[in-house]
Amino acid sequence: MQHEKVLILDFGGQYNQLIARRVREHNVYCEVKSYKTPIEEIRAMDLKGIIFTGGPKSVYLEDSPRTGKEIFELGVPILGICYGAQFLVYGLGGEIGAASEEAAAEFGRTDCTFDTKSQIFRGLKKKSVVWMSHNDYIKTLPQGFRSVARSGKCPYGAIENPEKKFYGTQFHPEVNHTEQGFDMLGNFLYNVCGCKGDWTMKSYAETATRELRAKIGGGKALLALSGGVDSSVACKLLANAIGSQLTCIFVDHGLMRKNEGDEVEAAFADSGVNFVRVNAGERFLSKLAGVTEPESKRKIIGEEFIRVFEEEAKKIGKVDFLVQGTIYPDVIESGLGDAAVIKSHHNVGGLPDYVDFKEIIEPLRLLFKDEVRELGTALGLDDKLVWRQPFPGPGLAIRIIGGITPEKVRILQEADAIFREEIAAAKLDRDINQYFAVLTNMRSVGVMGDGRTYDYTLALRGVSTTDFMTADFSRIPYDVLEKVSNRIVNEVKHINRIVYDVTSKPPATIEWE
């Protein structure tokens with residue numbers, strides 16, 4: 001089955017992945033690609049629509065990101081957002097006002113009035129709040145365009161050329177601050193692009209199963225199984241596709257949560273798949289000895305993972321394919337086009353240059369975390385695995401700041417287990433999307449009994465998110481935090497201070513390293 005497809009053309013804005021998430025929420029498949037993508041490749045995608053994203057630069061500057069004017073000749077509906085709207089205007093002969101002019105600046109919550117005769121505002125309230133974030137502004141419209149929304153400072157809050165099916169919004173409909181933004185995007189997808197909404201996890205499961213079976217054929221595949229949501233769903237998908245041709249390798253790198261290695265092994269004991277556990281804790285810890293830089297940790301772990309898989313593959317016999325549970329946020333954060341590399345994920349940017357497999361298969365590579373959970377449910381995976389707390393591939397290595405020692409791993413395992421126990425006891429484990437402890441490299445003075453201590457500070461982190469691309473810190477009740485704090489300092493040696501991380505993403509990432 002060929003899904004309807006919308007292209008998100010990335011001009012470097014901060015909300016670009018959020019646009020993709022919102023489109024997917026409308027059951028329309030989309031991909032994020034760089035503005036440098038060749039027009040031939042775009043033409044071959046058979047698109048229902050294109051969305052130009054925001055971006056940090058001024059469109060009239062020489063070094064600004066632009067695509068060729070052929071993009072406007074594809075006969076495909078286009079929606080430009082913020083910088084994308086300005087590029088739409090500029091590329092078609094309109095004029096953009098310079099940032100130095102007083103009328104330009106507009107930031108944050110802004111009241112806006114809409115022409116509800118326009119297809120993208122049809123059925124909406126005529127007035128509501130939008131989220132603006134721009135210095136430059138649309139000064140003169142290209143021929144065939146008209147204004148369909150305005151704010152106090154912005155006469156061209158949104159524009160349209162209905163004949164060509166070109167639309168632009170100076171505000172950001174993808175963020176929650178824009179009250180009717182989700183419906184605006186839906187109107188573009190359904191009213192303008194004519195999408196039917198064929199992107200569901202049930203249909204994805206059927207398509208992916210067929211494709212995996214065709215690709216792997218009679219070959220053998222090795223799955224990097226961590227026991228987390230992503231690799232567990234990948235395991236179920238592969239098991240449905242190729243059955244006994246799949247071997248799942250679980251590498252216990254000694255950096256798992258407390259008792260997690262045994263729990264993962266027990267979870268897959270009766271799964272019907274070939275399951276191999278490799279206890280490689282000493283091997284990984286020796287490689288990480290003295291390493292403090294986060295990117296170095298990730299790359300060391302990424303390479304060592306591959307080497308372990310290669311060794312295990314030789315024991316099994318000829319294995320053609322390595323399967324990983326890589327998901328879309330991993331790909332995006334590891335760098336997409338001109339986008340900044342936020343951090344190299346061990347299974348993307350952390351891979352070595354050479355791997356001894358015919359091909360690496362990533363069946364979840366285009367899915368967001370909540371889509372992965374939906375897919376797991378559609379595949380009939382046990383809820384305990386579907387809703388397992390997210391855990392990074394590098395494990396506690398990136399939750400221990402600075403150098404890693406067996407003693408630090410033990411301290412963090414004990415403290416993290418207490419935090420998770422109390423969150424579950426308070427029945428908050430489904431409300432908080434991710435929660436964990438971080439052992440900082442900071443030590444401070446404390447008093448226990450009549451004695452002075454000089455021990456580690458432990459940070460607690462809890463976030464609420466739908467897509468793991470943006471997140472807000474969770475408002476964990478004080479009485480729960482108090483109980484967690486009291487238990488940890490009393491039950492775990494070498495921790496004498498607890499802090500709670502109240503930073504959203506952005507500007508922080510969910511993990512500390």
Side-chain angles (χ1 to χ4, degrees), residues 7-20 31-45 47 49-108 131-145 147 151 153-161 164 166-175 332-342 506-507:
L7 171 65
I8 314 293
L9 208 59
D10 182 1
F11 287 95
Q14 60 178 320
Y15 300 127
N16 300 347
Q17 291 76 47
L18 192 53
I19 299 171
E31 292 182 18
V32 181
K33 289 185 177 288
S34 167
Y35 69 93
K36 293 181 179 179
T37 304
I39 192 66
E40 295 80 12
E41 182 178 334
I42 294 174
R43 188 178 286 114
M45 292 176 74
L47 297 170
I50 299 172
I51 298 178
F52 294 162
T53 75
K57 294 194 175 182
S58 295
V59 71
Y60 45 78
L61 299 178
E62 276 190 28
D63 62 345
S64 294
R66 299 190 197 120
T67 188
K69 291 188 178 181
E70 298 93 338
I71 196 84
F72 303 120
E73 299 166 4
L74 297 176
V76 176
I78 295 174
L79 171 64
I81 296 175
C82 199
Y83 177 95
Q86 294 174 4
F87 172 71
L88 181 68
V89 168
Y90 186 81
L92 292 170
E95 189 178 2
I96 303 300
S100 60
E101 298 183 30
E102 187 178 347
E106 202 170 26
F107 298 95
W131 188 259
M132 293 283 194
S133 183
H134 64 98
N135 276 311
D136 295 349
Y137 69 105
I138 298 169
K139 190 172 183 179
T140 305
L141 291 177
Q143 186 176 357
F145 280 80
S147 173
S151 66
K153 288 186 177 181
C154 188
Y156 300 123
I159 58 173
E160 70 170 9
N161 182 329
K164 292 185 176 293
F166 291 166
Y167 295 81
T169 64
Q170 189 59 79
F171 55 84
H172 289 270
E174 71 274 21
V175 301
I332 293 167
E333 290 192 341
S334 295
L336 178 70
D338 280 358
V341 175
I342 299 171

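Side-chain atoms are counted along with the backbone in the values below, which use heavy atoms only and exclude waters and symmetry mates.
Within the model, atoms CD of Glu95 and CD of Gln86 stand 12.0 Å from one another, a figure rounded to the nearest 0.5 Å. Between the OH atom in Tyr90 and the OG atom in Ser58 there is a gap of 10.5 Å [rounded to 0.5 Å]. In this structure, SG on Cys154 lies 6.5 Å from CD1 on Ile138, to the nearest 0.5 angstrom. If you take CZ on Phe87 and CD1 on Ile96, they are separated by 11.0 Å, rounding to the nearest 0.5 Å. To the nearest 0.5 Å, atoms CD (Glu31) and CG (Leu7) are separated by 8.0 Å. For the atom pair CD1 of Ile159 and OH of Tyr167, the computed distance is 11.0 Å after rounding to the nearest 0.5 Å.
Within the 4.5 Å cutoff, the side chain of Leu88 has heavy atoms near those of the Ile78 side chain. Phe145 has its side chain out of reach of Val89: every pair of non-hydrogen atoms, C-beta onward, lies at least 4.5 Å apart.
Looking at Thr53, its side chain does come within 3.5 Å of a backbone N or O of Phe11 through a donor-acceptor pair. Looking at Arg66, its side chain does come within 3.5 Å of a backbone N or O of Val59 through a donor-acceptor pair.
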Self-check item: Verdict with supporting geometry, Glu174 and Ile81, side-chain contact (heavy atoms from CB on, under 4.5 Å)
Solution: CA-CA 9 Å; Glu174 71 274 21; Ile81 296 175; 3.8 Å; yes
Self-check item: Evaluation steps, side-chain contact (heavy atoms from CB on, under 4.5 Å), between Phe166 and Phe72
Solution: CA-CA 9 Å; Phe166 291 166; Phe72 303 120; 4.3 Å; yes
Practice problem: Decide yes or no on side-chain contact (heavy atoms from CB on, under 4.5 Å) for Leu9 and Ile51, but give the supporting numbers first. | Solution: CA-CA 6 Å; Leu9 208 59; Ile51 298 178; over 6 Å; no
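Under the side chain to side chain contact (heavy atoms under 4.5 Å, CB included) criterion, Lys57 pairs with Asp63, Ser64, Pro65, not counting sequence neighbours. Annotation: salt bridge (Lys or Arg N to Asp or Glu O under 4.0 Å) contacts of Glu41 (sequence neighbours excluded): Lys33. Looking at residues two or more places apart in sequence or on another chain, you find a side chain to side chain contact (heavy atoms under 4.5 Å, CB included) between Val76 and Leu47, Ile50, Leu74.
At a cut-off of 3.5 Å, with distance as the only test, a side-chain donor of Asp136 or Tyr60 sits close to an acceptor on the other residue.
When every heavy atom of Gly12 is checked against every heavy atom of Asp10, the shortest pair comes out as N-OD1, 2.7 Å. Nearest heavy-atom pair, Pro155 versus Ser147, reported as atom, atom and distance to 0.1 Å: O-OG, 2.8 Å. Closest of all the heavy-atom pairs between Cys82 and Gly54 is CB-CA, 4.3 Å.
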